[in-house]
Amino acid sequence: MIRDRELAAEEPATTVALDCLERGIESARPGTVIPSVVSVDGTTITVAGEQFDRRAYDEVVVLGGGNGGGHIAAALERELGSALDGGVVVTDASVDTDRVRVLPADHPLPSERGVESTRELLAAADDVDERTLVLAVVTGGGSACMVAPDGIPLADLRSTTTALLDSGVPIESINAVRKHLSAVKGGHLARRLAPARVCGIVFSDVVGDDLSVIASGPLTPDDSTFQDALDVLDGIDAAVPDSVRRRLDRGARGEVAETPQAGDPAFDRVSTHVVATNMTALRAASDRAAAAGYESVILSSRVRGEARTAAGTHAAIAAEIRATGTPIEPPAVLLSGGETTVTVSGDGHGGPNQEFVLGGLADLPEDSVLAAVDTDGIDGATDAAGAILGAGNRPDREAVRGALDRNDAYPLVADYGGLVETGPTGTNVNDLRVLVVP
């Protein structure tokens with residue numbers, strides 16, 4: 001999966017780090033996950049232990065989207081065969097399917113083709129009824145892919161999304177705003193699907209696997225409000241278009257209906273199953289480290305905050321392992337997940353995982369290797385999944401400091417052969433970090 005492993009041939013620790021990344025991503029791909037949780041036996045369809053009698057429904061369809069939407073649809077076709085009638089998914093990765101239409105979108109910023117594709121998704125949602133079983137696909141990246149601006153132009157939604165992503169605020173805050181500018185997020189898709197029977201199949205890319213945050217919660221009651229969205233915008237140092245402010249102000253005054261809340265009948269026939277998470281990838285990476293003869297520890301699947309700051313903590317733990325054998329003896333692999341952010345002040349090119357790796361180098365033991373990727377294969381707005389640096393390809397401190405000051409990690413990492421490139425992986429279960437201490 002990972003392209004160009006020449007450096008790994010020279011550094012055993014790099015080989016271990018890349019193997020752990022690859023195994024972690026592979027474990028969370030739909031082709032691995034779906035066969036373990038979805039099956040059909042005669043007239044019984046089983047999804048994560050929940051059973052449905054095919055005879056109770058006139059049709060079974062797949063609807064939804066996100067980074068892994070197309071790959072999940074293809075996997076569902078393989079498992080369900082003729083028990084599946086069709087459907088529509090919206091995604092940024094093209095996938096060949098026989099029954100489900102896979103429509104194009106873009107990520108991390110919403111696009112015109114995403115709007116067109118989501119319009120077709122919502123039309124399909126409007127066609128279902130109480131005799132329809134909807135297998136609703138929700139994955140990371142769904143907030144950008146399933147885009148239905150409500151009351152504002154697409155261009156204004158794009159600029160607001162950029163401002164939020166550059167602000168460093170957590171994803172919960174970003175999505176509180178996006179939910180209140182959308183006709184699909186914040187439970188609106190569930191409302192469009194009612195009264196169909198809906199079974200959500202979710203791949204989580206958020207810390208804590210909060211269903212109301214994953215893909216901005218299209219199937220889930222929303223406890224955020226228009227006023228919450230305004231408070232988020234008031235807290236960031238960025239201008240947003242007037243149309244966005246007007247929309248949110250109208251909602252806060254009660255002139256626009258709130259997103260569906262808990263107890264709304266839209267959710268009466270909805271059940272949801274989270275089938276892949278960040279911990280899925282972390283456990284698989286840990287198993288790969290053990291197979292290579294390394295003791296491993298999963299520090300957390302919930303690491304957040306500024307990327308370079310979090311990296312410094314990881315490097316400090318690696319230094320402790322090297323010096324005292326605490327908390328584990330080398331050879332050791334430290335693993336973590338979650339979602340770090342970057343408060344952008346420079347005008348460079350990079351992503352949070354690339355900044356994470358650069359930010360950890362100052363205190364990283366000389367023989368160690370630090371790697372970090374976004375499991376969807378896209379780190380920020382770059383064409384790399386992330387970075388790997390350390391033994392064998394370590395920039396000097398001055399170069400690192402300058403790149404971090406400019407938020408310009410990508411060129412420096414590329415110069416040292418440290419870009420991790422996977423292409424779109426077909427999944428998204430948040431960030432995966434590997435630190436190898438030989």
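Excluded from the calculations below are hydrogen atoms, water molecules and symmetry mates; all remaining heavy atoms, backbone and side chain alike, are included. Everything quoted here is computed from the prediction, not taken from an experiment. Throughout, residue positions are numbered sequentially from 1 according to the sequence presented.
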For the side chain of [X] and the backbone of [Y], is there at least one donor-acceptor N/O pair under 3.5 Å apart?
{"X": "Arg99", "Y": "Leu84", "value": "yes"}
{"X": "Glu120", "Y": "Val88", "value": "no"}
{"X": "Asp408", "Y": "Asp347", "value": "no"}

Salt bridge (Lys or Arg N to Asp or Glu O under 4.0 Å): which pairs involve [range], sequence neighbours left out?
{"range": "residues 145-174", "answer": "Asp150-Arg247, Glu172-Arg304"}
{"range": "residues 59-85", "answer": "Arg54-Asp85"}
{"range": "residues 187-214", "answer": "Glu50-Arg197, Asp126-Arg192, Arg191-Asp264"}
{"range": "residues 349-361", "answer": "Arg308-Glu355"}

Set of residues satisfying ring pair (Phe, Tyr, Trp, His ring centres under 6.0 Å) with respect to His273, sequence neighbours excluded:
none
Just so I know, are the side chains of Val373 and Thr422 near enough to count as touching, which here means a heavy-atom distance under 4.5 Å?
no
Interatomic spacing from [atom1] in [X] to [atom2] in [Y] - rounded to 0.5 Å:
{"X": "Asp222", "Y": "Glu258", "atom1": "CG", "atom2": "CD", "result": "7.5 Å"}
{"X": "Thr343", "Y": "Asn407", "atom1": "OG1", "atom2": "CG", "result": "8.5 Å"}
{"X": "Leu412", "Y": "Leu419", "atom1": "CG", "atom2": "CG", "result": "10.0 Å"}
{"X": "Leu334", "Y": "Cys20", "atom1": "CG", "atom2": "SG", "result": "11.0 Å"}
{"X": "Thr375", "Y": "Phe203", "atom1": "OG1", "atom2": "CZ", "result": "11.0 Å"}
{"X": "Leu109", "Y": "Leu165", "atom1": "CG", "atom2": "CG", "result": "6.5 Å"}

For [X], side-chain hydrogen bond (donor to acceptor under 3.5 Å, both in side chains) partners two or more places apart:
{"X": "Asn67", "value": "Asp92, Asn428"}
{"X": "Asp58", "value": "Arg131"}
{"X": "His314", "value": "Ser336"}
{"X": "Thr44", "value": "none"}

Partners passing salt bridge (Lys or Arg N to Asp or Glu O under 4.0 Å) against Arg113 (at least two apart in sequence or in another chain)
Asp106
Sorted by chain and number, sequence neighbours left out, salt bridge (Lys or Arg N to Asp or Glu O under 4.0 Å) with Lys185 holds for none
Under 4.0 Å between a Lys/Arg side-chain N and an Asp/Glu carboxylate O for Arg29 and Glu26?
yes
Got a salt bridge between Glu130 and Arg269, using NZ or NE/NH1/NH2 to carboxylate O under 4.0 Å?
no
Which of these, Val420, Asp379, Val342, Ile378, sits in a side chain to side chain contact (heavy atoms under 4.5 Å, CB included) with Asn353?
Asp379
Using side-chain hydrogen bond (donor to acceptor under 3.5 Å, both in side chains) as the criterion, point out the one residue from Gln354, His349, Glu421 that pairs with Thr382.
Gln354
Check residues 286-299 and write down every donor-acceptor pair under 3.5 Å in which the side-chain atom is one partner and the other belongs to a residue at least two apart or another chain.
from: Ser286; atom 1: OG; to: Ser296; atom 2: OG; distance (Å): 2.7
from: Arg288; atom 1: NH2; to: Asp19; atom 2: OD2; distance (Å): 3.0

